[in-house]
Amino acid sequence: MSTIWQFIATFALPAPLGLLLLLNLPVPKPFKKSAVSIVARVFEVPLLGAFKLLHVMLVILGLSLISTGRVLQRLQDQENSMGESPSMNPMYDTVRLNKRWRAERNLWLSAFAFTMWTVLAMFYREMATRLRLEERLAEFETSDCTGTIDTTRDVSVSKEVTSRPNTFLSPRKSPQGNVLVSPGRGESPPPAVPGGIMEALKSLDSKKDA
């Protein structure tokens, strides 16, 4: 096994499995925050300038996956060109099968490692977002300025307002006891006619009739 595949088998594959197991442990929230901070420190290890450990691992595993895929495709094309006729040299068949087995092993190693690093990055992002939102919600619930509105009212004032009669809309009466038309909203009441003038008009009408 070459150096790159030793690196993948000994670090690139076990590391995300261990970190993912650490994030999924059923522990209290303080320990969960510590696990998230540990994963963040692993991701933020500087390697190549602005590239962190997570970026480098994804690039290496992606390139190895593409490379092993091309090698396996080349071996498959060679087998297809030979057909089903058996080789005259058994040693050649052993070497060919050995290369195919090694290429398939490397393909599955790189594919599984790349998938685990991707899953770990996504799960870490969701876990960090959830913890941050839970902290903000707890701060909002325990803060003094929660935005509540005091809906209490003065009972005496409300009683005074509701018990006051609506004199503006009540019907008006003349001095003789006749009910006048009550004005509507926004209308001024009609002028009241004195009782003496009404009696004088009635007397004049009776004299004219006589």
Show, in sequence, the C-alpha distance, side-chain angles and deciding distance for Leu97 and Thr94, and conclude whether the side chain to side chain contact (heavy atoms under 4.5 Å, CB included) test is met. CA-CA 5 Å; Leu97 293 176; Thr94 303; over 6 Å; no

No-hydrogen, no-angle side-chain donor-acceptor test under 3.5 Å, Gln76 and Arg100: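 There is such a pair (donor and acceptor under 3.5 Å, judged by atom type) between the side chains of Gln76 and Arg100.
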
Under the side chain to side chain contact (heavy atoms under 4.5 Å, CB included) criterion, do Leu107 and Val71 qualify, and how do the steps go? CA-CA 9 Å; Leu107 178 68; Val71 171; over 6 Å; no

Contact check, side chains of [X] and [Y], non-hydrogen atoms, under 4.5 Å:
{"X": "Phe123", "Y": "Asn24", "answer": "yes"}
{"X": "Val45", "Y": "Arg41", "answer": "no"}
{"X": "Leu22", "Y": "Leu25", "answer": "yes"}
{"X": "Leu72", "Y": "Thr68", "answer": "no"}

Salt-bridge contact Glu135-Lys33 (side-chain N to carboxylate O under 4.0 Å):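 A salt bridge links Glu135 with Lys33.
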
Among the clusters formed by ILVMFWY side chains lying less than 4.5 Å apart, do [X] and [Y] turn up in the same one?
{"X": "Val56", "Y": "Leu65", "result": "no"}
{"X": "Val39", "Y": "Val119", "result": "yes"}
{"X": "Leu19", "Y": "Leu53", "result": "yes"}
{"X": "Leu23", "Y": "Ile38", "result": "no"}
{"X": "Leu63", "Y": "Ile4", "result": "no"}

Given side chain to side chain contact (heavy atoms under 4.5 Å, CB included), test Arg96 with Leu75 step by step and report yes or no. CA-CA 8 Å; Arg96 179 176 56 83; Leu75 293 176; 5.8 Å; no

Measuring from [X]:[atom1] to [Y]:[atom2], what's the distance to the nearest 0.5 Å?
{"X": "Ile66", "Y": "Phe114", "atom1": "CD1", "atom2": "CZ", "answer": "8.5 Å"}
{"X": "Ile8", "Y": "Leu13", "atom1": "CD1", "atom2": "CG", "answer": "9.0 Å"}
{"X": "Leu131", "Y": "Lys29", "atom1": "CG", "atom2": "NZ", "answer": "7.0 Å"}
{"X": "Leu17", "Y": "Leu120", "atom1": "CG", "atom2": "CG", "answer": "9.0 Å"}

Please answer whether the main-chain N or O of Leu61 pairs with a side-chain N or O of Ser64 as donor and acceptor at a distance below 3.5 Å.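 Confirmed, Ser64 side chain pairs with Leu61 backbone.
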
Between Trp117 (side chain) and Met57 (backbone), is there a donor-acceptor pair under 3.5 Å?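 Not at all, since once roles are kept as given, no pair shorter than 3.5 Å links the two residues.
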
Candidates Arg132, Arg136, Arg130 - the one meeting side chain to side chain donor-acceptor pair (under 3.5 Å) with Glu134: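 Single side chain to side chain donor-acceptor pair (under 3.5 Å) partner of Glu134 among Arg132, Arg136, Arg130: Arg130.
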
Where does the angle between the aromatic ring planes of Tyr124 and Phe43 fall among parallel (under 30°), tilted (30 to 60°) and perpendicular (over 60°)?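 Because their plane-to-plane angle is over 60°, the rings of Tyr124 and Phe43 count as perpendicular.
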
Measure across Trp5 and Ser110 and return the closest heavy-atom pair with its distance rounded to 0.1 Å.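 Nearest pair, atom of Trp5 first, then Ser110: CZ3-CB, 3.9 Å.
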
Indicate the atoms forming the closest heavy-atom contact of Val27 with Lys32, along with that distance.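 Heavy atoms only, the tightest pair is CG2-N, 3.9 Å.
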
Under the salt bridge (Lys or Arg N to Asp or Glu O under 4.0 Å) test, which residues partner Arg125, sequence neighbours left out?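 Result, salt bridge (Lys or Arg N to Asp or Glu O under 4.0 Å) vs Arg125: none returned.
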
So does Lys52 have more than 12 non-hydrogen atoms from other groups sitting under 6.0 Å from NZ?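 Yes, because the 6.0 Å sphere around NZ of Lys52 holds more than 12 heavy atoms from other groups.
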
